[in-house]
Amino acid sequence: MRRLPHPNGADGKPDPTKYLAGSRSYDFTDVDGTVITVNAENLTSHNPEGLANWSDEQIRRALTVGIDDEKISMYPIMPYPEYSIIRREDADSIIQYLRSVPPNDNVVAADFPYFDQNPPAPPVMEPMVPHTTLASSDPDFAAAERGRYLAIPACLSCHTEQLSADVPNLAKAFAGGNKYTFVRGAPQHTSVNVTPDATGLATWSVDDIVTALKADTEKGTGRTLCNTHPGGGERYGGMTDGDLRDVATYIHTLPPVANGPFTCL
């Protein structure tokens, strides 16, 4: 999953003793101005703190529709609108993996104030997400289209500004400009443009994008990417080389969109 739901240790890195056991919190401002704190849930096989009592269908529904086991709609900080496009066999593989995660009795605090996103956010309109600009005869076309399938759940939500609450502006897909904060009272972040425009990644190669995802560093400066970006070995950097290159090939061959440039604080 894109945002790993386990808290950081004293060194700022994810605490491996609470792998997928929840408690990482995300603060954001709702449409009415209320600051909401959402805590990532325990996804281990623990009973009762984790998913032990959830059916496969309940997990699948939470993952792709955004409704939990108590039929409460989830806020799309968990990007279920984008996960709605994943194939059933891939959702089932995720479920099988979660079943195998050792139980952890970590107790997750309740969201504050209590929040019910009712109804859940709508699924992303997948046909409107741009395809690669490569011709179908190009030898990299298939890789780029595989990268599109991976990038929609992994990148689209954060790197696309919104028309309204939870509705991405797909005319500017992957062009940045989405504003958010994960820490109460902290400055607001703005996501960067990752399309191959001059305001985005026009000077980046496929290899540059792969390196950034693996090392979580910016091309040229070597600066660590925004602390909300899930790069590095424990996150996107842990993807297979093939999947990383597919995503990078897709990003590199997106239709360029002028938007920004934006700088992460």
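Just so you know, these numbers come straight off a predicted model, no measurement behind them. Atoms considered below: every heavy atom in the structure, side chains included; atoms not considered: hydrogens, waters and symmetry mates.
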N-O pairing of D243 and R146 below 4.0 Å: no
Salt bridge (charged side-chain N to carboxylate O under 4.0 Å, His left out) involving E70 - partner list, sequence neighbours excluded: none
Can we say K214 and D241 salt-bridge, meaning some charged N sits less than 4.0 Å from an Asp/Glu carboxylate O? yes
Without hydrogens or angle criteria, can the side chains of T195 and D197 be said to hold a donor-acceptor pair below 3.5 Å? no
Any luck finding a side-chain donor-acceptor pair between D216 and Y236 under 3.5 Å? no
Of all heavy-atom pairs linking E49 and D105, the shortest is CG-O, 3.7 Å
Is a side-chain donor-acceptor pair under 3.5 Å present for D207 with S205? no
Once you round to the nearest 0.5 Å, how far does NZ of K71 lie from CD of Q58? 9.0 Å
Would you say the side chains of N178 and E161 form a donor-acceptor pair under 3.5 Å? no
Find out whether the Lys NZ or Arg CZ of R87 is both under 6.0 angstrom from the six-membered ring centre of Y149 and within 45° of the ring's axis. yes
Residues at least two apart in sequence or cross-chain that pass side chain to side chain contact (heavy atoms under 4.5 Å, CB included) with V194, listed by chain then number, are H159, F174, V192, L201, I251
Ignoring hydrogens and angles, state whether a donor on the side chain of N259 or T199 is under 3.5 Å from an acceptor on the partner side chain. no
Qualifying residues under salt bridge (charged side-chain N to carboxylate O under 4.0 Å, His left out), relative to E145, sequence neighbours excluded: none
Please check if any side-chain donor atom of Q96 sits under 3.5 Å from a side-chain acceptor atom of S93, or the reverse. no
Counting distance only, does the side-chain N/O of N42 pair as donor-acceptor with the main-chain N or O of N104 below 3.5 Å? yes
